[in-house]
Amino acid sequence: MTLVNDVPFDRRERGTRKAERQPGGAKDTPTYYGHPALKAAPWGWLVWSYIFVAGTAGAAQVIGTAAQLSGREDLKPVRDNGRIIGMLGALAGAPLLIADLHTPKRFYNMLRIFRSTSPMSIGTFTLLSFSGFTGLTVLPQALRRLFPFWRGKKAVETVADVAQFPAAVAGLGMTSYTAALLSATSSPLWAAAPKELGGRFAASSVASGAAALALVEELNDRPANARLLGKLALVATAANLVFSRLSRLKYRERKVEAAIDADPATATAYRAATVIGVGVPLFCLGVSLLSGRHSRRLSLTASLATLAGGLLMRKAVMQAGENSANNSAISLTFAREDGGRGELPPGARPLIPAEDGTRRRRLH
Amino acid sequence: MTEAWDTAKPWISKSAGMIEGSLHPRVLDYTDSFIDEVIPNESELTAGVTIEPGKSYGFFTDTTLCIGCKACEVACKEWNQLPAEEQGMSGMSYDNTRGLSSSTWRHVTFVEKVDREHTDDMQPFQSNWLMMSDVCKHCANAPCLEACPTGALFRTEFDTVVVQQDICNGCGYCVPACPFGVVDLDMSDGKAHKCTLCYDRLKGGLEPACAKSCPTDSIQFGEWDDLYERAQERVEDLHERGATNAYLYGTPGAPGATGGLERLQAFFLLSDRPEVYGLPAAPTRPSRRVAPALGTGLATAASLALAAIFLFSGKRR
Amino acid sequence: MTINRRTPGKRIASFVRDWSLPRQLAGEPSKSTAAKSTTSEKLQPRLKLADKVGTSICPYCAVGCAQLIYARNGKVIHVEGDPRSPVNGGRLCPKGAATMGLLNNPERLTTVKYRRPHATDWEEVPLDWAMERIARLTKQTRDETFVEKLADGTVVNHTLGIGVLGGATLDNEENYLMKKVFGGGLGVVAIENQARP
Amino acid sequence: MSQWDLVNSDVILVMGSNMAENHPIAFRFVVEAKQRGATIIHVDPRFTRTSALADIYAPIRSGTDIAFLGGIVRYLLENDLWFREYALPYTNLSTIIEDGFQAPEEFDGLFSGWDEEKHSYKMDSWQYEGMVVPTANADHSVEVSDPEKKHEMTKRPPRRDETLQDPNCVYQIMRRRFAAYTPEMVERVTGCPKESFVKIAEAMAKNSGRERTGAVCYALGWTHHTTGSQMIRAATIMQGLLGNMGRPGGGVLALRGHCSIQGSTDIPTLYEMLPTYLAQPKAAKHPTLETYLEEETVPTGWWTNLPKYMVSLLKAWYGEHATKENEFGYQWLPKIVGDHSQFPMTFAMTDGFMRGMFVIGQNTVVGGMNAKLVQKGLAGLDWLVVRDSHEVETATFWKKGTLISEGEMKPEDIATEIFLMPASLPGEKAGTFTNTQRLVQWHDKVVDGPGDSRSDLSFVFHLARRLKELYAESTEKRDEPIRKLTLDYPVIGPLEDPDSEAVLQEINGYTTADRKLVSGFKALKDDGSTACGGWAYSGLFPEEGKNLTRSRKADGPDGNGAHHGWAFAWPSNRRTLYNRASADPEGKPWSERKKMIWWDEAEGKWTGLDIPDYVEDKAPGYRPDWSKEQTGMDAISGSDPFIMMPDGRMALFTPAGLKDGPLPAHYEPVETPAKNAFYKAQSNPAAKRFHRKGNALHEVADKQYPYALTTYRLTEHHTAGAPTRGVPTTAELQPESFAEIPPELAEKLGVRTLDWVVLSTKRGEVETRAMVTERLRPLTIDGSTVYEIGMPWHFGWAGYATGDIANILTSIVADPNVSMHEAKALTCNLRKGRLRRHHEGVEA
């Protein structure tokens with residue numbers, strides 16, 4: 001940016017293109033020459049990949065805790081792997097978020113204040129506690145590997161087992177706070193169905209967590225555990241399907257669907273996420289469940305599909321949310337007195353039938 | 001003589017003479033050409049308001065007085081030393097700055113709705129070419145402030161909302177949170193920026209730059225309650241004169257202050273649907289959606305966890 | 001007013017100084033006072049730094065709005081409307097409000113630019129040299145084109161060889177001296193300005 | 001009238017001006033007036049930001065303002081709506097005119113006295129019966145066979161018929177003159193709907209009389225025409241009939257464009273005037289000082305004092321060298337031999353007569369008419385000195401100009417030696433501006449200009465000093481003026497800035513003996529004992545150290561609202577001229593609501609809210625004693641407010657002072673899409689036309705150039721635009737040049753907003769962006785549709801906001817009285833696409 005009278009002068013290319021009204025929203029809602037009425041979140045792949053990683057890690061820890069609660073010896077590896085995946089997720093999460101900051105040098109300011117109204121503030125402290133407690137839970141494995149001859153094993157074991165529960169609780173938070181983060185914005189698609197988005201992220205996270213653990217179990221030739229985790233993944237994926245359908249209905253009702261359908265890239269990503277993330281696993285797990293036999297190939301494909309679908313779903317939801325903010329037809333319809341549903345409350349100002357303010361009108 | 005106008009300049013007394021003094025009595029204290037420093041409490045001279053911490057200040061933008069001259073855009077940029085953007089002609093009537101951004105904190109909208117057959121009995125004040133100076137609303141329950149995880153966004157002692165440039169780490173959460181699309185992240189300096197209602201000027205007893213510069217006093221600065229009272233009288237006065245479509249936007253119970261936002265410190269008098277100006281008619285407060293999303297999420301995750309426990313409870317095969 | 005704190009030590013110090021959590025726990029509201037940093041506390045308008053404040057008139061249209069020019073160490077730091085003027089009472093239009101941008105514009109000419117006949121670019125020349133050269137050119141053209149009497153004997157004492165354009169944006173004193181020097185002194189008659197473009 | 005006085009108006013007609021955009025801060029008073037219930041009317045070819053705030057907007061075809069205003073005058077006369085108590089005593093409505101007078105309606109569009117080859121009027125038939133009415137106007141002399149009859153005015157008052165029956169009285173002449181301007185005819189000629197026109201006429205009439213006043217605000221929308229002076233005359237006639245002149249909230253406010261354009265007209269860098277409206281000596285008429293004074297002095301009215309002012313000016317310029325013996329140095333003044341305005345200068349440059357030029361604070365390549373011809377002229381100069389704060393188009397025409405980009409010339413071919421010198425801006429130099437209400441305001445020097453930039457005062461002063469040195473030894477008679485010129489101003493600081501207060505004191509005037517400042521122009525003498533650079537400004541520096549232009553003492557709420565303490569309004573700090581008319585003939589205010597000044601019987605003098613524009617102690621009852629000769633102010637009765645006029649009355653019918661007729665008559669612009677509906681004469685017969693190569697004019701209703709074009713300004717840029725186009729914060733507001741096109745025409749040509757279009761005239765072509773807008777509408781003129789196109793003329797190639805120069809399209813053609821061009825009304829062609837010159841591939 002060149003400096004003019006020591007004021008930076010942004011010499012963006014002089015693109016004089018005419019703002020056009022974008023498709024979507026209600027036909028009779030005027031817009032200001034189609035110029036965006038909201039600003040989309042300035043987030044990219046760093047954020048949606050973080051959401052996926054955080055969700056999976058949180059869920060893995062939760063499933064690990066369930067395994068520990070069952071007390072079954074055969075599920076011990078599930079607990080240990082749950083802890084490891086949780087730790088890996090936590091270790092990857094913070095750098096992803098810091099890299100997304102536009103003034104990363106001040107990342108520590110996230111810990112400056114706690115605001116209950118800000119899911120990002122809640123999330124910061126959730127991620128912090130989750131990382132802490134997960135760290136404690138993996139302590140025994142870490143010590144065993146680093147100091148094999150270390151004798152004080154017993155004490156560390158109990159600390160890890162005790163830390164397991166707060167880690168699990170934080171894990172639950174990790175699966176859903178990101179949904180609250182998106183819903184607590186004004187981007188129409190994210191704000192249209194907060195409950196459904198919460199359920200969807202949680203279900204998808206648990207499915208991914210289970211899928212990840214199942215994958216590890218399958219690769220370590222423990223098909224029984226993999227099959228058991230597959231069942232859990234199946235249930236979670238089913239819940240995910242339910243919540244996706246419910247949110248689709250809400251999007252139609254609030255007329256924000258164009259945010260998904262109008263842009264080809266988002267539309268394909270969104271559909272692919274459902275097909276891969278929900279369709280394939282349901283099919284594979286369903287077949288292996290009904291046939292009674294455990295097929296290694298089906299289990300692996302289900303796990304991988306769930307993971308890939310989960311990631312893709314976060315990307316698609318993020319992109320669709322940003323499209324809805326950049327489309328003033330959608331955002332101004334969404335923010336109408338009737339929320340875009342089509343019935344204005346009595347006494348609301350009459351909607352003036354006009355495209356973008358250029359047609360003549362006579363005000364009564 | 002309309003009441004609404006007098007309260008705008010409370011010091012107007014009914015002196016004889018051609019123009020009832022539009023100048024504050026204190027102008028007589030500074031009659032030298034070189035004055036030795038900033039006139040203390042200059043806001044009394046320019047807006048009839050003494051600025052004191054602890055009171056609630058805001059803008060009342062009466063668009064029916066706006067002549068679309070963009071003095072507010074320039075005064076804001078000159079005071080805050082914001083960069084200009086070379087974007088070329090927009091094709092959006094006379095609006096070439098297109099919208100509020102990190103480097104444009106005041107933006108005048110232009111909407112041409114010319115009714116050619118009735119231009120010889122137009123409704124009083126602004127008509128046929130709608131012009132409005134848009135700005136950050138400094139909402140009472142500011143979504144950007146509620147979203148800000150670092151506390152960079154805070155409510156000042158003048159009841160306004162400011163991004164503290166020494167704290168903000170550019171997380172960008174305030175940008176999608178704002179229901180009016182005001183606050184924006186500046187990619188070159190990595191911080192969020194928006195109108196500060198001239199926080200530094202208020203501390204120095206100076207009226208915000210845009211309100212001071214506005215030629216027709218369309219932008220009026222003052223204590224929120226006075227502005228609100230003046231605005232209501234103005235709307236009645238306009239209705240009496242025949243501008244029946246004039247209404248307030250952003251005052252309690254009016255469009256723009258819906259969905260838990262309660263009220264906007266910078267509120268407007270509009271004469272057409274808010275969407276025509278690019279404003280949402282019924283914005284909502286995003287923080288109300290934290291609980292439903294988080295609650296459902298946790299419930300789902302917890303129930304699936306129980307399912308896991310149930311699945312794992314069976315005997316070893 | 002971006003604060004850049006390079007050393008980690010400074011960062012930690014200011015973080016602790018402005019840390020809101022303890023103030024929150026002590027009951028301060030997280031939306032306002034708890035979140036306020038010391039920089040915000042000490043904030044002041046830059047006009048307070050001015051060491052000289054003069055009254056000027058906007059250089060643009062003929063409405064004649066009065067402006068206050070704030071300067072510090074000989075550099076303009078801000079220009080605003082003068083609240084004492086009955087014409088504008090502190091208000092300014094977009095052009096007048098951009099007067100500081102005009103005065104401090106780095107595109108402002110600072111040296112005399114000279115173009116040799118048939119040259120394809122400017123050269124920079126000292127002011128004194130230019131003034132001397134212009135004086136000589138003026139004298140030479142006047143001497144060559146001065147007419148004392150017309151063919152029919154009427155006294156005119158003028159020159160049609162020199163033209164002077166300008167001054168609707170110049171001071172009265174400048175216009176006065178131009179008419180006096182060019183007209184009364186050198187006998188130039190073709191003196192015009194934008195009053196008649 | 002003062003700008004803030006608009007608040008007291010009950011109706012404000014903004015016409016020939018786009019006040020909200022070009023004078024936004026003055027428009028605040030219009031909005032404040034509206035708050036108090038005033039009706040705001042805007043008449044303009046385009047619906048602009050002013051129209052958006054008006055109560056009534058009426059479209060008219062550019063160039064037809066006289067038809068509109070003439071229609072209002074007829075409406076007032078026919079329906080007897082004019083303010084009789086005011087107009088009868090205060091205007092020359094009842095005065096009898098010479099019998100031989102004929103007006104255009106009877107004479108095929110010409111006034112009586114037209115001389116075809118001389119291309120001008122003999123004015124004998126226009127005079128008051130039996131006498132010649134001299135003119136106070138600097139550049140005009142009465143073209144009559146017997147000029148001596150002007151002394152008749154000192155012997156008897158003009159013959160008048162108070163009953164207004166006499167066919168030769170001004171009232172009857174005006175009824176005949178405007179009889180044809182019916183509302184239907186107004187609609188036919190201007191395209192403004194009849195109903196809108198009647199509504200406006202009603203609004204003006206309703207707000208007149210004792211209790212109500214109305215104001216007219218105009219700007220270049222009226223002056224930039226070949227009938228410009230007559231348009232303003234038509235408005236003054238309307239205001240005279242409505243009784244608005246000299247009253248609070250009444251009058252005509254000229255909204256001038258530049259910060260001191262009023263100053264550069266009063267203390268003029270103009271060819272035909274010496275400071276404050278004294279005529280520049282003419283070779284043909286004023287060989288000696290004595291003949292000058294005899295010719296220019298008006299026997300009756302204030303202008304009898306002209307000799308005092310002329311002698312004082314010469315004393316100011318030549319000091320002790322100006323003595324009684326050498327006619328106070330009168331012969332050192334150059335004499336003019338015709339029209340030396342900017343247009344003849346452009347031709348003198350192209351013909352090679354003009355060898356050197358100074359362009360100081362003016363961007364003539366963008367602002368001058370026929371920009372290509374101006375650039376050709378500049379290319380023909382030997383040397384050119386340009387002084388500005390930015391690198392303006394005038395300084396770089398040889399590098400980036402139209403001739404270069406169109407390939408007509410290459411920089412190497414241009415032989416002009418060019419100096420581009422940095423100039424200081426207000427805030428970097430001390431001095432005064434005169435604003436649009438005659439307010440002379442001081443601006444302080446707060447900082448030094450950047451680098452080598454100096455004030456233009458310093459440039460001229462130091463240039464003069466160097467020239468004095470160069471001419472020091474010369475003994476030539478022709479070099480005496482420069483050597484005798486006074487230049488004794490003290491210099492300040494290291495940069496040796498001349499002290500502008502010293503120059504201001506010289507303008508104020510002083511007694512030559514002890515150099516003591518005079519208190520006002522009443523103290524000036526014609527015996528050489530006083531010196532004064534500008535008599536009308538005298539009084540602004542009455543005593544040492546008392547610079548009234550620097551006084552910042554406005555009125556608080558309890559002041560009288562005229563703000564006499566804020567700066568100095570010439571003459572004598574008076575804020576409303578001719579305010580004697582704010583009192584009735586007996587000296588009492590017309591009404592309590594509209595009082596301004598009145599006769600205080602007890603004190604025996606005029607008093608009130610403004611400084612009386614009258615002889616302080618002349619009672620309303622005073623009548624000149626016509627038994628003996630009455631000169632000067634003695635000839636003006638106690639109830640004649642217009643003291644500058646020879647008969648003390650407002651000249652609705654002006655016998656002299658205008659070269660194209662004593663009354664306005666509608667003439668089409670020189671380039672017009674429509675025929676003249678009134679009579680055979682098409683455009684103003686007395687208009688100055690320059691038939692030169694490169695300045696060809698279009699035919700009337702030219703098929704090749706069918707669209708009407710008007711040029712105008714925007715809020716965001718200033719006139720030739722260089723400063724605002726160079727400042728980022730104003731450049732981004734209007735970044736590119738554009739042309740406003742009505743949707744109906746755009747549809748016909750397939751043009752959408754932002755498309756490139758080319759406008760063309762016989763002078764040249766420009767390419768610009770299209771802005772299709774409903775604010776322009778097709779007008780039905782005489783049954784056929786005329787499309788009006790508008791184009792702002794700020795743009796050029798310098799700065800951030802660039803575009804083609806609109807004035808490439810305009811022609812050089814001039815109004816006969818003041819040589820003003822016609823950039824507001826011409827014709828052009830419009831097509832979609834771009835010009836080949838800048839761009840390799842041509843975008844469709």
Engineer: Between C:I77, C:L47, C:I69, which has the largest tally of heavy atom pairs under 4.5 Å with chain B?
Structural biologist: C:L47
Engineer: Work out which heavy atom in C:G101 is nearest to a heavy atom in B:E78; give both atom names and the distance.
Structural biologist: N-OE1, 2.8 Å
Engineer: Kindly give the heavy-atom pair with the smallest separation between B:P215 and C:C93, and that separation in Å.
Structural biologist: CG-CA, 4.5 Å
Engineer: Check whether B:L206 gets within reach of chain C through its side chain, its backbone, both or neither, counting any heavy atom under 4.5 Å.
Structural biologist: side chain
Engineer: Select, from B:T31, B:V38, B:D200, the one with the greatest count of heavy-atom pairs under 4.5 Å involving chain C.
Structural biologist: B:D200
Engineer: Could you check which of C:V79, C:T55, C:D82 has the highest count of heavy-atom pairs closer than 4.5 Å to chain B?
Structural biologist: C:T55
Engineer: In terms of heavy-atom pairs under 4.5 Å with chain C, which of B:I39, B:L153, B:D32, B:L28 leads?
Structural biologist: B:D32
Engineer: Would you mind checking which part of B:T150 comes under 4.5 Å of any heavy atom in chain C, side chain (CB onward), backbone (N, CA, C, O), both or neither?
Structural biologist: neither
Engineer: Mind checking whether C:R84 and B:R26 have side chains closer than 4.5 Å, heavy atoms only?
Structural biologist: no
Engineer: Less than 4.5 Å apart, any side-chain heavy atom of B:E42 and any of C:L68?
Structural biologist: yes
Engineer: Roughly how far apart are C:S32 OG and B:L145 CG, rounded to 0.5 Å?
Structural biologist: 8.5 Å
Engineer: Going by heavy atoms in the side chains, are C:E80 and B:E207 under 4.5 Å from each other?
Structural biologist: no
Engineer: Between B:K203 and C:E41 (side chain of the first, backbone of the second, donor and acceptor by atom type, cut-off under 3.5 Å), is there such a pair?
Structural biologist: yes
Engineer: Which one of C:K48, C:Q44, C:K36 has the most heavy-atom pairs closer than 4.5 Å to chain B?
Structural biologist: C:K36
Engineer: If I compare all heavy atoms of C:P83 with all of B:V27, which pair ends up nearest, and what's the gap?
Structural biologist: O-CG1, 4.0 Å
Engineer: Do you know the tightest heavy-atom contact between B:W79 and C:R46?
Structural biologist: O-NH1, 2.6 Å
Engineer: Shorter than 4.5 Å, heavy atoms on both sides: which option in C:S37, C:G96, C:G90 has the most such pairs with chain B?
Structural biologist: C:S37
Engineer: Can you tell which of B:E73, B:R155, B:K212, B:E157 has the highest number of heavy-atom pairs within less than 4.5 Å of chain C?
Structural biologist: B:K212
Engineer: Find the one option among C:P86, C:A66, C:A50 whose heavy-atom pairs under 4.5 Å with chain B are most numerous.
Structural biologist: C:P86
Engineer: Specify the closest pair of heavy atoms between C:A35 and B:F154, including all atoms of both residues, with the distance to one decimal.
Structural biologist: CB-CB, 3.7 Å
Engineer: Which bit of C:K95 comes within less than 4.5 Å of chain B, counting heavy atoms only: side chain, backbone, both or neither?
Structural biologist: neither
Engineer: Answer with side chain, backbone, both or neither: which region of B:C69 has an atom nearer than 4.5 Å to a non-hydrogen atom of chain C?
Structural biologist: both
Engineer: So how far is it from B:I167 CD1 to C:D18 CG, rounded to the nearest 0.5 Å?
Structural biologist: 5.0 Å
Engineer: Please classify the contact of C:S56 with chain B as side chain, backbone, both or neither, using a heavy-atom distance under 4.5 Å.
Structural biologist: neither
Engineer: Looking at every non-hydrogen atom in both residues, tell me the closest pair between B:Q164 and C:S40 and how far apart they are.
Structural biologist: OE1-OG, 2.7 Å
Engineer: Should the pair C:R91-B:D217 be classified as a salt bridge under the 4.0 Å nitrogen-to-oxygen rule?
Structural biologist: yes
